[in-house]
Structure formats: structure tokens, C-alpha cells
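The next block holds one structure in the form of C-alpha cells; read it before the comments.
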Amino acid sequence: MRIELNGQNIETQVRTLADLLIEQGFESPCVATALNGDFIARPLRSETRLNDGVKVEVLSPMQGG
Amino acid sequence: MFYDVDLTSRLMLGTAQYPSPKILLEAIEASGAEVITASLRREGVAGGAFRDLLANSRCRLLPNTAGCHTVREAVTTARMAREVFGTSWIKLEVIGHADTLQPDPFGLVEAAHVLCSEGFDVFPYTTEDLIVGEKLLEAGCKVLMPWGAPIGSGQGLRNLAGLRTMRAHFSGVPLVVDAGIGAPSQAAQAMELGFDGVLLNTAVAKAVDPVGMARAFGRAIQAGREGFEAGLMPERDMASASTPVFGMAELA
């Protein structure tokens, strides 16, 4: 299935958001996730299923003003 | 002072645009700031180093929703920030215009309603408009953060009379001048008006010597506050000799 991860189109076989983080090498405790513009809390990642075409954002603490 | 948190320093310092993480850390130390701001972004090159810096910092974190133009973006960003930063503090920005980075007051109030009802401690980046301020307080905000000037412009307090009116209107409400400050004297001026704090970033990060400038801002803000607390003399239109006339010699 094809999904959009942080603005990039990628091909993946994983079923859930939690598995996507593992597949893509994110350090799970250090990131926050959103699916199609909605916040997905950490405990819900393993039950959040990915469908073709979804937009996933994985964000980290960065510098800001 | 801010959501039942008392601070010694009244400077809140932004963490963006510094020449290096080391200089950022030194600038935070030199400024004496106890609150630093941060954002949520797609992981960049220096992400790990910045996380280490945050982890080792003694400062309280104030995550922002910088760059959000809609209520939905800002609310989602705030929810993500609460989880990843582990704080309910959020600097709420809903930007209305790309050039001026002026807040969108309508979106801001709407987003503040949502976030306050979810238990966030919202620090709204707003204008000096009194009615918008009232609506933000009604929404549940316990701090207001009016701009001094457009973000990153370094113009200082562009609407001095408006800020003075705001201070008088919202007596008892913590007010922080956020954005547009370019020089320590401008920060001192905000404090002399009776504002409770100043939030700034670019003026320190883009100084020739950010660490020196951070120290200068820390001192200016402290001096301005002490000046306010000591009570400024009233302004006069005419001169009034300070040296007594009594006892003056006749030499003419």
C-alpha cells in the first residue's frame, strides 16, 4: 500500500501506525503522531490501522520561538 | 505568575536560529531564563542534539504551535506537543497572515476554547485588542501574550499606547509581550509598563554575540521590572529644575 509519511510517498506492507514507526526507524517515545490531521496518542498507535493513501505525520521536538 | 508557576526570571527565550546548540545552551544560561520555547517539526538533522539539550535543561518548556494557520492544525499540534513534551503549557499561535505573521484572532479564540476545555494551560499569542483579550480570558486563558511588533522584525513596541491601555484594562492578568522585540531597551520598556514578562528569540539568536545579548536582555528585563515596582515619576511637559534654587549665590 502507498501512504504519505511526512510529505513523502512511501510503499509499506505494515498494518498499523505502531508498526510503521518501527519499520521507518523512529524512536517511539520521542515522537508524536497524527493521521490525516488528527492526533493519535501513543497508546492508540498499535490499534490505528493504515489504509491506502493516508497521510501520516511523525513529529519531534525541534527548535522554536 | 503563570498558571500557578512562580518564576524568578521574567524572560522567556526562544531556541531557534542560533549558530550552534552550544551557543544556544550558553545563551539560555546567560539569560537566566527559566522558560524556553520549542516546536514540533518533522525530524531534522540536529534533532537528537536538541532533544539532549532539552533533557538536560533546567528550564520549563513552552511548546508552540508556530506556523499553524487553522484551528485544526493548531489544536492537533497542541495535542501532539502535550504528549511528546510532557507539559500542558502551550504557546498558541494561529497565524492569520503570511507576511505580518499577525495572529488570526477568530481562529485563536476558537482554538483556545478547545484547548482550555481539554485542560491545556494556554499562552495565546495575540494582538493588543482588548475585546480579543476578553474573549481569550472567557475561553479559559489565564495569560495573554500581545505582540510588540511582527515576529522577527525587531521593531520593539510598535503600539505603545495600545499596550499601555491593555495593561490598564487587564490589571491582575499576567501579560507577556511576545514577538517583535529587537533591543534590550525595548524589553525594559515593556517591563516598565508593568508587563509581567517578555518572550523573544531572534534578537538574541541573530545578535553578533548571542550569549552576550542573552545576558543583556536578562538584565534589561530585571531592571525594567525593578523600575516598574519602584514607581516611575510622572512625565511633565516643561522642565523642572532638580537642583534647588534656594541658597544660590548672586554672581551676576
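Just so we're on the same page: letters track the sequence lines, and every chain starts at 1.
Ranked by heavy-atom pairs under 4.5 Å with chain B, the list A41(A), S60(A), P29(A) is led by S60(A).
The part of L54(B) that comes within reach of chain A is its side chain, from C-beta onward, which places non-hydrogen atoms under 4.5 angstrom from that chain. Looking at E93(B), the atoms closer than 4.5 Å to chain A (heavy atoms on both sides) all sit in the side chain, from C-beta outward. With a 4.5 Å cut-off on non-hydrogen atoms, A66(B) does not touch chain A at all. Contact annotation for E57(A): both backbone and side-chain heavy atoms come within less than 4.5 Å of a heavy atom of chain B.
Counting heavy-atom neighbours within 6.0 Å of Q222(B) CD, excluding the residue itself, gives a total of 12 or less.
For the residue pair I90(B) and A81(B), the shortest heavy atom distance occurs at CD1-CB, 4.0 Å. Of all non-hydrogen atoms in L7(B) and V35(B), the two that sit nearest each other are CD1-CG2, 3.6 Å.
Side-chain contact between L59(A) and R42(B) is present, with at least one heavy-atom pair separated by less than 4.5 Å.
Between Y125(B) and W147(B), the two ring planes are perpendicular [angle over 60°; tilted spans 30° to 60°].
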